[in-house]
Amino acid sequence: MGYLLIFFICIIIFIVFIRRDLTHPLIYFLIPWVLCLLTYVLDIYRINGQINQEALNLVIIGTLSFILGTILIRKTLVGAFRINNSGSAFPTTYRNWLIKLIIVFSTVFNIMLVVIMINYLRSGISYAYIRDLLYSYNDDGTKFFTSKLMLNVYNIVDVPMTYCVAPVAVIELFHGRLKLQYKVMSWISIGAYIIATGGRLIIMFMLFQFIFAMGYYRKDIPWKTIRRVGMFVLVLGIVAFVTTLFRVKSQSAGSLKINSVYAYFNVNLPILSRWIGTVDTSGVKGNGLAFFGGIFQLLDLILNKFGINLPVYENVANLINIPQQNWVQIYSGNWYNAFDTMFYDLYIDFRIWGVFIGSLILGGLSKWIYVLSTEFKNEKYVFPAMILVEILASSFFRWQFGTFTFTGAFLLSFFMFKNLKSNETNGSEDLR
């Protein structure tokens with residue numbers, strides 16, 4: 001695995017420092033895996049004995065297959081399928097009504113989450129336990145939401161919208177189009193979401209999206225923008241530190257003290273090793289249902305309202321949820337869940353072939369969006385590219401297309417920008 005680590009580092013160095021490209025999908029896919037492999041090679045806490053060869057094989061096959069997918073998609077191939085082959089994309093603008101709706105709704109809903117959280121805190125419940133309620137990690141049946149409708153709105157509407165607000169907030173740092181009140185509301189929405197959920201992944205996503213946007217808009221970045229972006233990075237760093245302080249896991253007496261950031265990138269291989277054997281013995285094959293899990297998750301929820309079940313999908317969903325609902329002791333007295341990597345879901349579909357094909361498709365899709373947004377300079381595809389940054393950066397964590405959260409955010413992202421027709425570029429109305 002040491003050789004694979006060196007190979008990945010060389011790819012990142014080549015893209016960033018030789019090609020000077022900060023928008024390539026390989027950067028955001030490989031950086032988290034470099035950190036994961038680095039913790040594996042260092043093995044500071046001596047946990048590599050919990051990692052089996054089958055899990056390592058899935059990581060090798062999956063990551064290399066993703067790289068192959070990005071290599072196979074070329075500019076000439078994407079160009080052959082373009083509707084506009086004039087050599088330059090039409091000028092773009094926000095789909096203003098949609099972006100404002102998303103910002104306002106997510107702001108109101110996320111502030112409401114904070115209010116609910118404060119009420120729990122006032123009743124004496126710990127911050128860590130409140131988060132367990134929100135993600136249904138508790139065993140006593142207590143729920144964060146008293147209404148099933150509110151839970152569905154949170155999962156199906158609010159979270160996808162919040163993950164779409166994040167790139168809006170980042171883009172506005174470089175290429176302001178919105179009025180000040182909407183810019184402020186976007187940051188309030190994200191801040192409220194982080195406070196209410198204790199989520200740190202969205203902070204990591206936004207830091208990566210900031211790097212992407214800096215690479216995309218770098219030609220005309222004034223010093224004022226650089227200072228503003230510097231403040232943005234500082235604030236995100238402080239928020240990440242504060243949420244880390246409050247998200248202390250309950251530990252048994254004599255438990256090993258673990259660096260939480262190190263553990264973030266170190267526990268996925270043991271967890272993957274723990275559960276792939278369960279997939280093998282289950283006899284369940286997803287046959288693509290895990291790959292498209294986000295779509296089937298929504299479909300199953302809707303059909304259940306009418307008394308219709310999808311037993312084949314529900315068997316797959318139950319298998320997908322095992323690592324989310326069961327905790328594994330990785331370090332002495334320290335228990336973790338969920339970090340099963342994207343390869344766990346893909347393995348459910350067609351075993352090793354599922355990992356190879358699914359990773360290949362994701363690599364190809366990422367490169368296709370990259371070519372449209374960066375090489376053809378069509379800003380309409382910047383939003384999908386930035387949502388893919390979120391999905392790729394969390395590949396070490398889970399298959400995000402297996403949830404409607406990211407499937408919905410990705411689909412929604414295609415409608416955030418629109419191309420202006422040539423007869424609309426002159427005299428168009430002020431977008432703000």
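Since the structure is predicted, the reported quantities are computational estimates derived from the model, not experimental observations. In what follows, every heavy atom counts, from backbone to side chain, and hydrogens, waters and symmetry copies are set aside.
- To the nearest 0.5 angstrom, Ile11 atom CD1 is 6.5 Å from Ile15 atom CD1.
- Panel note: side chain Asn337, backbone Asn326; no donor-acceptor pair is recorded below 3.5 Å.
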Show the numbers, then the answer: is there a side chain to side chain contact (heavy atoms under 4.5 Å, CB included) between Leu272 and Tyr347? CA-CA 10 Å; Leu272 178 62; Tyr347 187 74; over 6 Å; no
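- A donor-acceptor pair under 3.5 Å is absent between the side-chain atoms of Arg398 and the main chain of Met342, judged by distance alone.
- Formation of a donor-acceptor pair under 3.5 Å by the Glu172 side chain with backbone atoms of Arg177 is found in this model.
- Within the 3.5 Å criterion, the main-chain N or O of Ala192 finds no donor-acceptor partner in the side chain of Asn110.
- A heavy-atom distance below 4.5 Å is not found between the side chains of Phe29 and Ser366.
- Annotation for Ala290 and Asp345: closest pair CB-O, 3.3 Å, computed over non-hydrogen atoms.
- Between Ile202 and Thr162 there is a side-chain heavy-atom pair separated by less than 4.5 Å.
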Stepwise side chain to side chain contact (heavy atoms under 4.5 Å, CB included) check, Thr23 with Ser373: CA-CA 9 Å; Thr23 62; Ser373 61; over 6 Å; no
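- Here the side chains of His24 and Val16 are not in contact, with every heavy-atom distance at 4.5 Å or above.
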Criterion ring-ring contact (aromatic ring centres under 6.0 Å, His included) on Phe397 and Tyr264, from CA distance to verdict: CA-CA 9 Å; Phe397 172 66; Tyr264 220 56; 7.3 Å; no
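- The two atoms that bring Ser273 and Ala55 nearest to each other are OG-CB, 3.2 Å, heavy atoms only.
- Taking CG from Asn155 and CZ from Phe404, the interatomic distance works out to 10.5 Å, rounded to the nearest 0.5 Å.
- Between Phe265 and Pro32 the shortest heavy-atom distance is CD2-O, 3.9 Å.
- By the neighbour-count criterion of 12 heavy atoms within 6.0 Å, atom CZ of Phe414 is densely surrounded, having more than that number from other residues, nucleotides or ligands.
- Taking the side chain as every heavy atom from C-beta outward, Met416 and Leu98 approach each other to under 4.5 Å.
- Using the six-membered ring where Trp is involved, Phe383 and Phe417 have ring planes that are tilted, between 30° and 60° apart.
- Counting all heavy atoms, side chain and backbone alike, Ser413 lies closest to Ile387 at CB-CG1, 3.7 Å.
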How far apart are the C-alpha atoms of Ser359 and Leu346, what are their side-chain angles, what is the distance that settles it, and do they pass the side chain to side chain contact (heavy atoms under 4.5 Å, CB included) test? CA-CA 8 Å; Ser359 302; Leu346 300 181; 3.8 Å; yes
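- Of all heavy-atom pairs spanning Leu412 and Met161, the tightest one is CD2-CG, 4.5 Å.
- With hydrogens and angles ignored, the 3.5 Å screen pairs a side-chain donor or acceptor of Thr407 with a backbone N or O of Phe401.
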Given Tyr262 and Asn266, is the side chain to side chain contact (heavy atoms under 4.5 Å, CB included) satisfied, shown in steps? CA-CA 6 Å; Tyr262 180 93; Asn266 189 223; 3.3 Å; yes
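- Note that CD1 of Ile348 is 11.5 Å distant from CD1 of Ile276, once rounded to the nearest 0.5 Å.
- Distance check: Ile99 CD1 to Phe415 CZ gives 13.0 Å after rounding to the nearest 0.5 Å.
- Using a distance-only test at 3.5 Å, with no hydrogens or angles considered, no donor-acceptor pair links the side chain of Tyr94 to the main chain of Leu178.
- Leu299 places a side-chain heavy atom less than 4.5 Å from the side chain of Leu303.
- Between Phe109 and Phe105, the angle of the ring planes stays under 30°, which puts this pair in the parallel group of the 30/60° scheme.
- Leu64 is listed as a side-chain neighbour of Phe7, based on a closest heavy-atom distance under 4.5 Å.
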Using distance only, find each side-chain donor-acceptor pair of residues 204-213 under 3.5 Å and give its atom names and separation, not counting sequence neighbours.
{"unit_1": "Gln209", "atom_1": "NE2", "unit_2": "Met386", "atom_2": "O", "d": "3.0"}
{"unit_1": "Gln209", "atom_1": "NE2", "unit_2": "Glu390", "atom_2": "OE2", "d": "2.7"}

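- The main-chain N or O of Cys36 is found under 3.5 Å from a side-chain atom of Thr39 such that the two form a donor-acceptor pair.
- Partners of Tyr370 by side-chain hydrogen bond (donor to acceptor under 3.5 Å, both in side chains), not counting sequence neighbours, listed by chain and number: Arg19, Asp21.
- A ring pair (Phe, Tyr, Trp, His ring centres under 6.0 Å) with Phe343 holds for exactly one of Trp33, Trp399, Phe291, Phe356; it is Trp33.
- Using a 4.5 Å heavy-atom threshold, the side chains of Tyr28 and Ile391 count as separate.
- No donor-acceptor pair under 3.5 Å is formed between the side chain of Ser65 and the backbone N or O of Gly62.
- In this structure a side-chain-to-backbone donor-acceptor pair under 3.5 Å is missing from Asn309 to Pro311.
- Taken to the nearest 0.5 Å, the CG atom of Leu310 stands 7.0 Å off from the CG atom of Asn304.
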Show me the donor-acceptor pairs, under 3.5 Å and distance only, between side chains in residues 113-122 and residues at least two apart or in other chains.
{"unit_1": "Asn119", "atom_1": "ND2", "unit_2": "Val115", "atom_2": "O", "d": "3.3"}
{"unit_1": "Tyr120", "atom_1": "OH", "unit_2": "Lys143", "atom_2": "O", "d": "3.1"}
{"unit_1": "Tyr120", "atom_1": "OH", "unit_2": "Phe144", "atom_2": "O", "d": "2.9"}

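- When all heavy atoms of Tyr336 and Ala263 are compared, the pair lying nearest together is OH-CB, 3.7 Å.
- The shortest side-chain heavy-atom distance between Leu5 and Val34 falls under the 4.5 Å cut-off.
- Looking only at distances, a side-chain donor or acceptor of Arg351 sits under 3.5 Å from a matching main-chain atom of Val279.
- Atoms CG and OG, from Leu101 and Ser106 in turn, are 9.0 Å apart once rounded to the nearest 0.5 Å.
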